[in-house]
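Down below is the structure, laid out as structure tokens.
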Amino acid sequence: MVYRRGYAGPSLVILLFGLSCFLSTPFHVGAFYLPGSYMKIFSLNDDLSVMVNSLTSIETELPFGYYTLPYCVPQEGEKHISENLGELLMGDRIENSPFKFHMNVNESSIFLCTTPKLNSATVNMLKQRITDLYQVNIMLDNLPAIRYVKAGDYRLQTTGFPVGYQEEDGRQQHFIINHLRFTVLIHEYQDTGSGAAMSTEDGMSVLDSGGSGSGFQVVGFEVTPCSIRHTKQSISNLQMYDKISPPVDCDQASQQPVQEGEQITFSYDVSFVKSDIRWPSRWDAYLRMEGARVHWFSILNSLMVIAILAGIVFLIFLRTVRRDLTKYEELDKEAQAQMSEELSGWKLVVGDVFRAPEHADLLSIMVGNGVQIAGMAVATIFFAALGFMSPAARGMLLSGMILLYLVLGILAGYVAVRLWRTLQGNIDPTGWRSVTWRVACFFPGIAFAILTILNSLLRASKSTGALPISLYFVLLALWFCISVPLTLLGGFFGARAEHIQYPVRTNQIPREIPQRKYPSWLLVLGAGTLPFGTLFIELFFIMSSIWLGRVYYVFGFLLVVLVLLVIVCAEVSVVLTYMHLCVEDWRWWWKAFFASGSVGIYVLIYAINYLVFDLPSLSGPVSTALYIGYSLLMVLAIILATGTIGFLASFWSNYRQSWSKNDKKCTTGGRMVMTYCESVIQELSDDIQHLAVGQHLVKVVLPIGNGGVVFLSFPRSAAV
């Protein structure tokens, strides 16, 4: 579920050197526990504090602070709660509230405050917040308040409550919610006096109890809002937390309108109800999964796509390629037939298949960033599926993603530099520094540019979603003090590692590519539909979670879909690469990348469709700009990650298929080379140590370095 939280300035020292801001602040308990919140036990009449978060709306997607509206301020004043980096980036702003409860003590008609007479500016702001469907988000013991709404025969569940509502009676009268009826579900906990291991919503906790932990646990928090116009006689001379007399009755009293000159009185009731719900299960009401059949349909759909593509790959490599290799290995028996057979298809481009592509630097940079993003996504979803990143630990998911991205910079630098040295043939021994710097700045630089523009719009709108300038410096410090050095370190290791040796030598003169009836890029773009078919159902739930505030916590399904997506991307790219080589198009590098990476284009189209048909109420240019900006950033990340998966799969496939596993004539030290070397015989003529001409075959001996030699066999016609 997407929860909006508040802002409080984090410690720069902690962010830079401890990285503890990426995790929720640990509590001091005598126990071992995994990230999240630990079990709290309250005694009878203990104070319970309710926290308030930012006001949020699915109409504008612009969060605002709770006290930007004329709500009652606590007696001790406004206080911000410290937060982690993920909460700050989400625009959360958690603050204390005037609502005070006492454990298992029911209270009713509690007076909070009465506002001064509303002026025109305050009235206009209240009406605008009500029209934009802003919700008030409150929490008790880390549990968001749940509100149940009846819609016909259904009972709908949502978090928080609206600022107010309006009635379409011709005047469009606005009413404000000023009385809240809270229901706190509590579980009576009896400590057995021994330590126990228990599975919580945040992981596995081992509690060290000494027999004094009996009490009550908060296992549910519900709110029923209403609008009531208090009479002056009932609230005269009352102080905060005094009891209103006569008691408040929402069903009988009139509603509180939002009008200039009106004074609004706020009040609340609270009742405690004992429940059989245990503390480890208290989040079940929030995380109850709906539509499991839809998720299973998505997985079965992906499995069908994988099965079809796997069959194609099997047909290509185990029948076509291996059959061709077998024929060439049997040249002794069928030499006359082979000499009269004209070579065709992918066998003609053996000497060009590893020719360096255009813009090899850019390809290496994009692959390095793709490895970093893909690794971050896999690791994040894996840990989330294990329960390490529950919504109880607010901001944990985003914080974990940032931490993993920073650490994986070393892998991005290594892969990018080693691929660059392979493509360039190790010509420039010092150029790896430039490549590594560009890897470290490519995706983060684009992300920072987009976030800067969006943050400027949020700041102009005075939204709590705007990042403070101090957090900007923190993010820059994390980038240049952690991510960049790790990327440079990975590039250093990549420069020291031996670049990949191609199994065949590249021709000096590129082979001419035959003209085709249709552009090859059409096939590449069409290939993205298969990975998108694997992803789009889960994408709908993810988009709904981000933009509509709905629950998404089925990370187990998401992990399965992610694995299937990786397999589909690899298979699609391998098949497309083979199809291009069969028509003698050896320029496969970029096409292999975009064959799977083109799924990002369909994600962008889907995002536009979602904006038009699923978010028709999204109002204002700022809200639309936020949606488009974040969607573009998501699309770029998907293109880099999926494109990298497809490219590496195609590179590995071409590399492996360039070695004949069954060639007994051409082995040295366990290494095997392709028997189709006749296409490059002129390239090798100067290095021939020994040549034996038979009736149908020519056998040659070539040096390969370190005193080793390789034996090759050619048709006599090719040798001539």
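Checked by atom type, the side-chain pair Asp269/His179 shows a donor-acceptor distance below 3.5 Å. With hydrogens and angles left out, the side-chain atoms of Thr56 and Asn137 include a donor and acceptor closer than 3.5 Å. Inspection of the Thr436 and Thr487 side chains reveals no N or O donor paired with an N or O acceptor under 3.5 Å. A side-chain donor from one of Gln128 and Asp132 sits under 3.5 Å from a side-chain acceptor of the other. In summary, the side chains of Asn455 and Thr452 do not present any donor paired with an acceptor at a separation below 3.5 Å, with no hydrogens or angles considered. Under 3.5 Å, the side chains of Tyr134 and Thr60 contain a donor-acceptor pair of N or O atoms. Defined by atom type and a distance below 3.5 Å, a donor-acceptor pair is present between the side-chain atoms of Gln255 and Tyr165.
Rounding to the nearest 0.5 Å gives a distance of 12.0 Å between CG of Leu85 and CE of Met396. With rounding to the nearest 0.5 angstrom, the CG atom of Leu539 is 10.5 Å from the CG atom of Leu558. With rounding to the nearest 0.5 angstrom, the CD atom of Gln372 is 10.5 Å from the CG atom of Leu404. Here the OG atom belonging to Ser97 is positioned 12.5 Å from the NZ atom belonging to Lys79, to the nearest 0.5 angstrom. Rounding to the nearest 0.5 angstrom, the gap separating the OG atom in Ser631 from the CH2 atom in Trp547 is 6.0 Å. To the nearest 0.5 Å, the span separating CD1 on Ile537 from CZ on Phe532 amounts to 10.0 Å.
Without hydrogens or angle criteria, Thr464 side chain to Pro63 main chain gives a donor-acceptor distance under 3.5 Å. No donor-acceptor pair closer than 3.5 Å links the side chain of Ser545 to the backbone N or O of Phe541. Side-chain atoms of Ser461 never come within 3.5 Å of backbone atoms of Ser463 as a donor-acceptor pair (strictly under, hydrogens ignored). For Thr68 (side chain) and Gly65 (main-chain N/O), a donor-acceptor pair under 3.5 Å exists by modelled atom type. Using modelled atom types, one side-chain atom of Ser227 and one backbone atom of Ile176 make a donor-acceptor pair closer than 3.5 Å. A donor-acceptor distance shorter than 3.5 angstrom exists from the side chain of Gln157 to the backbone of Ala285, with no hydrogens or angles considered.
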Audit row: Leu126, Leu118, side-chain contact (heavy atoms from CB on, under 4.5 Å) steps and yes/no: CA-CA 10 Å; Leu126 280 172; Leu118 301 180; 4.2 Å; yes

So Leu632 and Met634, side-chain contact (heavy atoms from CB on, under 4.5 Å) or not? Walk me through it. CA-CA 5 Å; Leu632 290 176; Met634 177 183 66; over 6 Å; no

Step by step, would you call Asp361 with Ser364 a side chain to side chain donor-acceptor pair (under 3.5 Å)? CA-CA 5 Å; Asp361 293 3; Ser364 302; 5.8 Å; no

What's the verdict on side-chain contact (heavy atoms from CB on, under 4.5 Å) for Gln135 and Leu55, showing C-alpha distance, side-chain angles and the deciding distance? CA-CA 6 Å; Gln135 298 280 318; Leu55 307 175; over 6 Å; no

Quick one, Trp437 with Phe442, criterion side-chain contact (heavy atoms from CB on, under 4.5 Å). Give me CA distance, side-chain angles, the key distance, then yes/no. CA-CA 9 Å; Trp437 269 104; Phe442 181 74; over 6 Å; no

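Ile639 and Gly600 get closest at one heavy-atom pair: CG1-CA, 3.6 Å. A pairwise comparison of heavy atoms in Ala641 and Ile373 identifies CB-CG2, 4.1 Å as the closest pair. Closest of all the heavy-atom pairs between Pro74 and Asn96 is CG-ND2, 3.7 Å. Closest approach of Ala416 and Val439 over heavy atoms only: CB-CG2, 3.5 Å. The shortest heavy-atom contact between Pro485 and Trp479 is CD-O, 4.5 Å. Taking all atoms of both residues into account, the shortest heavy-atom contact from Cys72 to Tyr67 is O-CE2, 3.3 Å.
Taking a 6.0 Å sphere around OH of Tyr472, one finds it holds more than 12 heavy atoms contributed by other residues, nucleotides or ligands.
No option in Tyr66, Tyr268, Tyr71, Phe266 other than Tyr268 meets the ring pair (Phe, Tyr, Trp, His ring centres under 6.0 Å) test with Phe99. The side-chain contact (heavy atoms from CB on, under 4.5 Å) with Val123 is formed by just one residue from the set Glu260, His174, Gln259; it is Glu260.
Inter-residue side-chain proximity for Leu69 and Arg129 is flagged as met; some heavy-atom pair is nearer than 4.5 Å. In this structure, the side chains of Leu180 and Thr224 stay at 4.5 Å or more apart for every pair of heavy atoms. At a threshold of 4.5 Å between non-hydrogen side-chain atoms, the residues Pro444 and Asn369 count as touching. Annotation: side chain of Met366 is in contact with side chain of Phe593 (closest heavy-atom distance under 4.5 Å). Counting only heavy atoms from C-beta outward, the side chains of Leu408 and Met376 approach each other to under 4.5 Å. Between His230 and Gln256, the closest side-chain pair of non-hydrogen atoms is not below 4.5 Å. Between Leu476 and Phe448, some side-chain heavy-atom pair lies under the 4.5 Å cut-off. A heavy-atom distance below 4.5 Å is not found between the side chains of Leu618 and Ile58.
Annotation: Phe221 is in aromatic contact with Phe182 [ring centroid separation under 6.0 Å].
Partners of Ser49 according to the side-chain contact (heavy atoms from CB on, under 4.5 Å) rule, which considers only residues two or more places apart in sequence or in another chain, are Met51, Lys100. Scored by the salt bridge (charged side-chain N to carboxylate O under 4.0 Å, His left out) test, Arg459 finds no partners at all (sequence neighbours excluded).
Between Phe443 and Tyr405, the two ring planes are tilted [angle within 30° to 60°].
Of the charged side-chain nitrogens involved, at least one lies within less than 4.0 Å of a carboxylate oxygen, so that Arg229 and Glu262 count as a salt-bridged pair.
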Considering only distance and modelled atom types, tabulate donor-acceptor pairs under 3.5 Å from the side chains of residues 602-615, sequence neighbours left out.
unit_1, atom_1, unit_2, atom_2, d
Tyr602, OH, Leu525, O, 2.7
Tyr610, OH, Ser544, N, 3.4
Tyr610, OH, Ser544, OG, 3.2

